[in-house]
Each structure stands twice: as structure tokens, then as C-alpha cells.
Amino acid sequence: SLVPDGRSGTMGRLLTFRDVTEQHLLEMYRDEVFDMVVHDLRSPLALMISTLQLISDELPLDSDDPLKDAMAQAMENVRRLLGLVESLLEIAKLQQRHIPMKWSVTRIEPIIEATAMEIAIVIGDAEIALNLDFAPDLPPVRIDEGQIRRVLLNLLDNALRYTPSGGKILVSAQRQDSRRIVIRVADSGPGIPPAEVDRVFEKFPQAKGNRPQRGGKGTGLGLTFCWLSLQA
């Protein structure tokens, strides 16, 4: 900041320095503990699923026992929790560059089409139009097909949850230059509020004020995964 000299002038500048070493070390320790706890949750959750499945298999198929419905609900919730844990572990690996990418040169159109087919029935049931638009001159690209499909599924799932019935979802692919293709997933939902745009790729934050048209609000990890995958 400027230091005035008392005569409507400036005699110098005042610089303030702050040592952030301790803060940085605390953040590293927090991340290490978080990753360790998340990793340790996977085994007991998998064991819970196996146990619930075993108990469910012992119940008669035509049983009207309320226990059967309770078991099914418990199984679904444990699976959702395990999916959250798996997503957190995947994000941690991406942040640490511990996921080996499986690169190959291929055309993008069949990958987009196959990914869209995985969710097309659900989108149709929601009375949403899904359109694909590919430029005619798209070159083959070097990608990790598995990661790209997961990114597209996350984006399509997000579009599905926030697009009202009667709306549209468009997946387009256009040439950016001789080596790169731009893929866009657009929808006719409310969009992200401008105040939330800067935080959209962080873990867990979700846009305030936007309620999903269907399903829950999700984990808040989908766009984080998309961003980290594209940085790998």
C-alpha cells in the first residue's frame, strides 16, 4: 500500500509479507488424512454390501415381509455411499497424477454416440430431446476413451437432472484446429448462476438456488472429476 508523506504526496510503499508455510503443511496433512479415511471406508462398505446381499438372498422371493424392502433400501444407500468413496479416490488419484492414461488414436463420433445411448432411455422417459451434432470434418483424436466416456456421462447426467421436461440436451463436436476437437454438452435448464461459476469445479459445492428437476442433487463431485480428467 502507498505511504503518504503528509503533503498530498507519497513517500513510499508498505509491503506486508506473511509466512504461509504452516498453513500449507496443515492443508497437506488434512488432505493426507482425508484420503486415508476415504480409502479405509471402501473395504467395510464392500463387506456391508456382501452381507446385505447374503441376507436378502435368504429371504423368500415372494416374501411380503417389510424386511425385504428395508434390505433393498439399505443396499441402495450403501452402494451410493460406496460410489461416493470410489469417486473421491478417483479424484485423489487424478490430483496426484497416479492414474495411468490409456491413450489411443480414434474417432470421437462413435464414442459420443455409445455414451449417449447409455442414458438415452432415461432422457426419453423424462421427455427431453437429446440431439447430437457433429461437424463433417472431424479428425481422429488421441484420447483415453474410458475417461472421456466418464466425463461425458457426468455432463449428461448433470444436464438430465436440471433440464425440465420438454427441454433439450445437445452434444456437439466441432473442429478447433488441425489437432483438437471441442465437445460441448448444452441443455435448456436454468444454467449455473454467475456467482457460482468460479466454484463449479471444486469438490462438493453445488449451485445455490437451482433445484434438480429429477433425482437428488448428486455428490458435487461430477464436475470436479471432469475438470481433473481433462487436465491429466
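The chain is numbered in sequence order, starting from 1.
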Report the residues that fulfil side-chain hydrogen bond (donor to acceptor under 3.5 Å, both in side chains) with Gln174, sequence neighbours left out, ordered by chain and then residue number. none
Say you draw a straight line from CE of Met75 to CE of Met71; how long is it, rounded to the nearest 0.5 Å? 6.0 Å
Let me see the working for Gln176 and Ile181 under side chain to side chain contact (heavy atoms under 4.5 Å, CB included), right down to the final yes or no. CA-CA 5 Å; Gln176 184 176 39; Ile181 290 174; over 6 Å; no
How far does CD of Glu118 sit from CG of Leu152, to the nearest 0.5 angstrom? 10.0 Å
Report whether Val141 and Leu138 are members of the same hydrophobic cluster (ILVMFWY, side-chain heavy atoms less than 4.5 Å apart, transitive linking). yes
Output, in order, the C-alpha distance, side-chain angles, deciding distance and verdict of side chain to side chain contact (heavy atoms under 4.5 Å, CB included) for Asp157 and Leu153. CA-CA 6 Å; Asp157 178 69; Leu153 274 176; over 6 Å; no
Linking I/L/V/M/F/W/Y whenever any side-chain heavy atoms sit under 4.5 Å apart, do Val122 and Val171 land together? yes
Between Ala126 and Ser165, what is the shortest heavy-atom contact and its length? O-OG, 3.1 Å
Euclidean distance, Leu156 CG relative to Ile123 CD1, rounded to 0.5 Å: 5.5 Å
Salt-bridge criterion met for Asp137 and Arg175 (N-O under 4.0 Å): yes
From Ile169 atom CD1 to Leu132 atom CG, the distance as rounded to the nearest 0.5 Å: 10.5 Å
Correct closest heavy-atom pair for Ile128 and Pro164 would be CG1-O, 3.8 Å
Are Arg107 and Phe134 close enough that some pair of their side-chain heavy atoms sits under 4.5 Å apart? no
Can you tell me how far CD1 of Ile143 sits from OG of Ser104, rounded to the nearest 0.5 angstrom? 6.0 Å
Asp144 side chain to Lys102 main-chain N or O, any donor-acceptor pair under 3.5 Å? yes
Heavy-atom nearest pair, Ala159 first then Asp187, reads CB-OD2, 3.5 Å
Quick one: does any side-chain atom of Asn154 pair with a main-chain N or O of Arg150 as donor and acceptor, under 3.5 Å? yes
Can you tell me how far apart OG1 (Thr115) and CD1 (Ile148) are? Round to the nearest 0.5 Å. 9.5 Å
Closest non-hydrogen atom pair, Ala173 against Ile112: CB-CD1, 4.1 Å
Is Lys168 close to Thr163 at the side-chain level, that is, under 4.5 Å between some pair of heavy atoms? no
Side chain proximity check, Pro140 to Thr106, heavy atoms < 4.5 angstrom: no
Run the side chain to side chain contact (heavy atoms under 4.5 Å, CB included) test on Arg184 and Val182 for me, step by step, so that the C-alpha distance in whole Å, both residues' side-chain angles and the decisive distance to 0.1 Å come before the verdict. CA-CA 7 Å; Arg184 294 183 174 91; Val182 176; 3.7 Å; yes
Could you see if Leu170 belongs to whatever hydrophobic cluster contains Val185? Use Ile, Leu, Val, Met, Phe, Trp, Tyr and a side-chain cutoff under 4.5 Å. no
